[in-house]
Amino acid sequence: MSRRGNTRRWLERHASDPYVRQAQTQGYRSRASFKLLEINRRDRLLQAGATVVDLGAAPGGWSQVAVEQVGPRGRVVAVDLLDMAPMPGVEFIQGDFNDQAVLARLLERLPQGADLVMSDMAPNLTGVRAIDQPAALHLAELALDLATRVLKPDGALLVKCFEGAGSQDLRALFAQRFERVLVRKPAASRDRSREHYLIGRGMLPTND
Ligand code: SAM
């Protein structure tokens with residue numbers, strides 16, 4: 001199919017997607033909010049008063065959910081390559097999370113650590129799995145590294161992953177770092193997508 005054909009099909013699917021319509025009627029910035037809402041209903045990751053890091057936050061659907069749940073005593077620190085419209089209660093850092101300077105700016109804001117690191121980061125997909133899958137795994141590993149540095153002992157990590165080469169290795173890495181590793185595929189995550197989410201709970205001590 002031509003690129004124009006693909007775009008038309010995407011627009012048709014998007015317009016008829018119930019989660020897109022629900023996001024519009026409920027005032028969420030993206031349909032992704034419903035993924036986090038469902039995961040949170042089951043796993044209770046977001047607590048009142050918590051400090052939350054939202055990696056790959058734009059346009060802000062997850063940050064909105066996080067702000068609602070942590071309330072006025074909590075904090076949400078969000079990062080994205082793209083700009084994000086300001087949101088009350090969210091401290092936003094624009095930049096590439098691969099960049100050490102961006103990581104340093106984020107760490108400066110977390111002197112007390114974080115209760116939840118969540119990453120919905122996804123690379124710009126090329127459609128070539130041999131390029132997209134390693135890029136996605138790399139972003140997931142960056143989130144895991146941050147979690148190792150900032151998570152409080154009873155904190156949690158939630159990361160978007162894609163089933164494919166290396167995804168079992170990523171799960172094994174999670175299992176080395178956390179007491180419990182859970183896999184979630186919320187209803188709003190499209191069936192045909194290889195996307196799913198890994199949750200790590202209870203950080204294990206590291207040797208380094
Ligand atoms: N969770 C968001 C929401 O609820 O609205 C949607 C996130 S979208 C699926 C993935 C985001 O990851 C994009 O906005 C993209 O710019 C961001 N992203 C990808 N690579 C990144 C990187 N290296 N650093 C920061 N953000 C990145």
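Counting starts at 1 for both ligands and their atoms, following the listed order.
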If the cut-off is 4.0 Å to any non-hydrogen atom of [X], which atoms of ligand 1 fall inside it?
X: A32; result: 3 (C), 4 (O)
X: S30; result: 3 (C), 4 (O), 5 (O)
X: G61; result: 3 (C), 4 (O), 5 (O)

* **Shortest reach to atom 8 (S) of ligand 1 by a heavy atom, considering only A58, G60, A66** => A58
* Could you check which of D80, L81, V79, V65 puts a non-hydrogen atom nearest to atom 16 (O) of ligand 1? => D80
* To do: Output yes when E195 and R190 qualify as a salt bridge under the 4.0 Å nitrogen-oxygen rule, no when they do not.
  => no
* Asked: In a check of side chain to side chain contact (heavy atoms under 4.5 Å, CB included) between L116 and each of L157, I199, L45, which one passes?
  -> L45
Check for me whether [X] has a heavy atom closer than 4.0 Å to any atom of ligand 1.
X: P123; value: no
X: S63; value: no
X: R29; value: no

Closest non-hydrogen protein atom to [atom], residue and atom name please, with distance?
atom: atom 7 (C) of ligand 1; answer: G56 O, 3.1 Å
atom: atom 24 (N) of ligand 1; answer: F97 N, 2.9 Å
atom: atom 10 (C) of ligand 1; answer: D120 O, 3.3 Å

* Asked: How does the hydrophobic cluster around F162 look, that is, which other residues are in it when side-chain heavy atoms under 4.5 Å mark a link?
  -> none
* With no hydrogens and no angle check, is any side-chain donor or acceptor of D120 less than 3.5 Å from a backbone partner on G56? -> no
